[in-house]
Participant: 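Let me begin by handing over the structure; questions about it come next.
Positions are given from 1 along the sequence.
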Amino acid sequence: MWCPSVSLALWGNAWLAGRAAPDDVLDALSLWAPHHRVTAYDLGAANRTGLPWPDVDDAGVVSILQVLRMAAGPRTGRPVLSLVLPVPGDVRGLPPGSAFGADALAVGEAVRIESEDGAIGLVPEYGETEDACGDEPEPDGSLSWTVYSLPSGPVAEQFDLGAAELELRSAVRTAAEQLTALRAGGPGANMEDPRELVEQLLAADREHAAPDHAPDRALRVLDTAAQVDAILTVSEGMTPISIQSSSGVQLADAALQPLSLVVRTARLAAVDAILQSAWQV
């Protein structure tokens, strides 16, 4: 469930609402990488956030707080940050034909900040070091945030947390059946227990936490979504091994695809509920 954009949206919103300290935002981001870089993609983004332009030297992680504060503008009593989790075929929250949209879709996540003065978007991407011998580049331990100016768009979609939770209950049953089928046998019978792989993914998620104001229901939905997503991730990796025919693999993939949409919608609904709760007295 957790990704850098979720951490930035939840903790950045909590800070803007006065429900968290600046160090809380930085601590949450530090779990993703020891070093963060922030750059403006265009002049409009630089003007909105105070980032350097046209000199695009990377700013440090503390600059993210500056970006949030300047882009958010005066307090309005409601969230100005929103989470985007785009995939091919579902690009909610992305302006069509924009560099922000293309880059957010490439990494599968982004944060939008929409205020009365306009909108910006932030896309995270892990840095890489080029190998002098021509080998594959290696991660350099940094996370780069690129800031884009965006056209003002319609109000962010509102999600029904209750409806999302109901859909998740059905998704849990379907995902559990898929996991049982993988565990049952076939060519993948001698592989590592898929349930152990699922637990490993969930353990990594537990390193991250939501702000204290997060509603219990939203946290429950996030936890359930994480379980289904972990099962889907393991299933996608093991299905080609456990199913011999290519047609069988395609049928299995087709059965799992709708679950991905349910998980993504549930996460967006839960995050939206947590964002809203920071501003409720």
Participant: Within a reach of under 6.0 Å around CD of Gln276, are more than 12 heavy atoms found that belong to other residues, nucleotides or ligands?
Facilitator: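 More than 12 within 6.0 Å, yes.
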Participant: Could you check whether any side-chain N or O of Ser63 sits under 3.5 Å from a backbone N or O of Gln66, counting only pairs where one atom can act as donor and the other as acceptor?
Facilitator: no
Participant: In terms of hydrophobic clusters joined by side-chain contacts under 4.5 Å, are Val147 and Val123 together?
Facilitator: no
Participant: Counting only N and O atoms by type, is there a donor-acceptor contact under 3.5 Å from the side chain of Thr146 to the main-chain atoms of Thr39?
Facilitator: no
Participant: How about Ser144 and His36: do any of their side-chain heavy atoms sit closer than 4.5 Å?
Facilitator: no
Participant: Membership question, hydrophobic clusters at under 4.5 Å side-chain separation (ILVMFWY): are Val111 and Leu94 in the same one?
Facilitator: no
Participant: If you compare all heavy atoms of Leu275 against all heavy atoms of Pro79, which two are closest, and at what distance to 0.1 Å?
Facilitator: O-CG, 3.4 Å
Participant: Locate the shortest heavy-atom distance separating Ala273 from Ala218; write the atom from each residue and the value.
Facilitator: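 The pair with the smallest heavy-atom distance is CB-CB, 4.1 Å.
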Participant: Would you please test Leu16 and Leu81 for side chain to side chain contact (heavy atoms under 4.5 Å, CB included) and show each step?
Facilitator: CA-CA 10 Å; Leu16 292 173; Leu81 278 74; 3.5 Å; yes
Participant: Begin from the C-alpha positions of Val107 and Cys3 and carry the test side chain to side chain contact (heavy atoms under 4.5 Å, CB included) through to its verdict.
Facilitator: CA-CA 11 Å; Val107 300; Cys3 62; over 6 Å; no
Participant: Side chains of Ser142 and Arg37: do they bring a donor and an acceptor to under 3.5 Å?
Facilitator: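 Note: Ser142 and Arg37 side chains meet the donor-acceptor criterion.
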Participant: Step by step, would you call Asn13 with Leu8 a side chain to side chain contact (heavy atoms under 4.5 Å, CB included)?
Facilitator: CA-CA 8 Å; Asn13 175 72; Leu8 178 61; over 6 Å; no
Participant: Taking the side chain as C-beta and beyond, is there a heavy-atom pair between Arg195 and Val234 under 4.5 Å?
Facilitator: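 No, every pair of side-chain atoms sits at 4.5 Å or beyond.
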Participant: Using side-chain contact (heavy atoms from CB on, under 4.5 Å) as the criterion, list what pairs up with Arg75, not counting sequence neighbours.
Facilitator: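 With sequence neighbours excluded, Arg75 shows a side-chain contact (heavy atoms from CB on, under 4.5 Å) to Trp279, given in chain and number order.
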Participant: What pairs with Asp27 under salt bridge (Lys or Arg N to Asp or Glu O under 4.0 Å), at least two apart in sequence or on another chain?
Facilitator: none
Participant: Do Leu222 and Ile274 touch side chain to side chain, with heavy atoms closer than 4.5 Å?
Facilitator: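 Touching, per the 4.5 Å side-chain cut-off.
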Participant: Determine whether Val67 and Ile120 satisfy the following criterion, side chain to side chain contact (heavy atoms under 4.5 Å, CB included), listing intermediate values before the conclusion.
Facilitator: CA-CA 10 Å; Val67 168; Ile120 68 164; 3.8 Å; yes
Participant: Roughly how far, to the nearest 0.5 Å, is the CZ atom of Arg112 from the OG atom of Ser82?
Facilitator: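 So the OG of Ser82 and the CZ of Arg112 are separated by 6.0 Å.
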Participant: Kindly write out the residues that satisfy side chain to side chain donor-acceptor pair (under 3.5 Å) with Arg206, not counting sequence neighbours, or none if the list is empty.
Facilitator: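 For Arg206, the residues satisfying side chain to side chain donor-acceptor pair (under 3.5 Å) (neighbours in sequence not counted) are Glu199.
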Participant: Mark yes or no for whether Ser98, through its side chain, and Pro95, through its backbone, hold a donor-acceptor pair below 3.5 Å.
Facilitator: yes
Participant: Who are the ring-ring contact (aromatic ring centres under 6.0 Å, His included) partners of His208, not counting sequence neighbours?
Facilitator: Trp2, Trp32
Participant: If Ile, Leu, Val, Met, Phe, Trp and Tyr residues are connected whenever their side-chain heavy atoms lie under 4.5 Å apart, and connections chain through other members, are Leu197 and Leu202 in the same group?
Facilitator: yes
Participant: Quick check for you: to the nearest 0.5 Å, what is the distance between Leu259 atom CG and Leu232 atom CG?
Facilitator: 5.5 Å
Participant: For Phe100, what residues pass the ring-ring contact (aromatic ring centres under 6.0 Å, His included) criterion, not counting sequence neighbours?
Facilitator: Tyr148
Participant: Rounded to the nearest 0.5 Å, how far apart are CD1 of Ile113 and CG of Leu150?
Facilitator: 9.5 Å
Participant: Taking all heavy atoms of Ala72 and all of Ser115, pick out the closest pair and write down the distance.
Facilitator: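 Closest heavy-atom pair between Ala72 and Ser115: O-CB, 3.4 Å.
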Participant: Which heavy atom in Tyr126 sits nearest to a heavy atom in Ala33, and how many Å separate them?
Facilitator: CE2-CB, 4.3 Å
Participant: With side chains defined as the heavy atoms from C-beta onward, is the minimum distance between Leu51 and Met70 less than 4.5 Å?
Facilitator: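 No, their side chains stay 4.5 Å or more apart.
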Participant: Checking Asp24 now: which residues fulfil side chain to side chain donor-acceptor pair (under 3.5 Å) with it, not counting sequence neighbours?
Facilitator: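 Listed in chain order: nothing, the list is empty.
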Participant: Taking NZ, NE, NH1 and NH2 as the nitrogens, is one of them in Arg267 or Asp229 under 4.0 Å from a carboxylate oxygen of the other?
Facilitator: yes
Participant: Which heavy atom of Ala46 sits nearest to which heavy atom of Pro52, and what is that distance?
Facilitator: CB-O, 4.4 Å
Participant: Nearest 0.5 Å please: distance from the CD atom of Glu196 over to the CD atom of Gln200.
Facilitator: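 Reported to 0.5 Å precision, the distance equals 7.0 Å.
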Participant: Under 4.5 Å between side-chain heavy atoms, counting indirect links through other Ile/Leu/Val/Met/Phe/Trp/Tyr residues: same cluster for Val263 and Leu105 or not?
Facilitator: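 Not linked; separate clusters.
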Participant: Using a strict cut-off of less than 4.0 Å between a Lys/Arg side-chain nitrogen and an Asp/Glu carboxylate oxygen, indicate whether Arg264 and Asp90 qualify as a salt bridge.
Facilitator: yes
Participant: For the residue pair Val221 and Ala266, what are the closest heavy atoms and their distance?
Facilitator: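 In terms of heavy atoms, the two residues are closest at CG1-O, 3.7 Å.
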Participant: With rounding to the nearest 0.5 Å, note down the distance linking OG in Ser7 to CG in Leu26.
Facilitator: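 Interatomic distance, Ser7 OG to Leu26 CG, rounded to 0.5 Å: 12.0 Å.
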Participant: Count I, L, V, M, F, W, Y as connected when their side-chain heavy atoms are under 4.5 Å apart, and connections chain through other members. Are Leu65 and Val6 then in the same cluster?
Facilitator: yes
Participant: Any heavy-atom pair between the side chains of Arg220 and Glu165 that's under 4.5 Å?
Facilitator: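 Heavy-atom side-chain distance check passes, below 4.5 Å.
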Participant: Report yes if some heavy atom in the side chain of Leu143 is under 4.5 Å from a heavy atom in the side chain of Pro4; otherwise report no.
Facilitator: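 Yes, close enough: below the 4.5 Å cut-off.
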Participant: First locate atom NE2 of His213, then atom CG of Leu10, and finally report the distance between them rounded to the nearest 0.5 Å.
Facilitator: 7.5 Å
Participant: Look only at the side chain of Glu114 and the backbone of Val80, and say whether a donor-acceptor pair between them is shorter than 3.5 Å.
Facilitator: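 No, because the side chain of Glu114 does not come within donor-acceptor range (under 3.5 Å) of the backbone of Val80.
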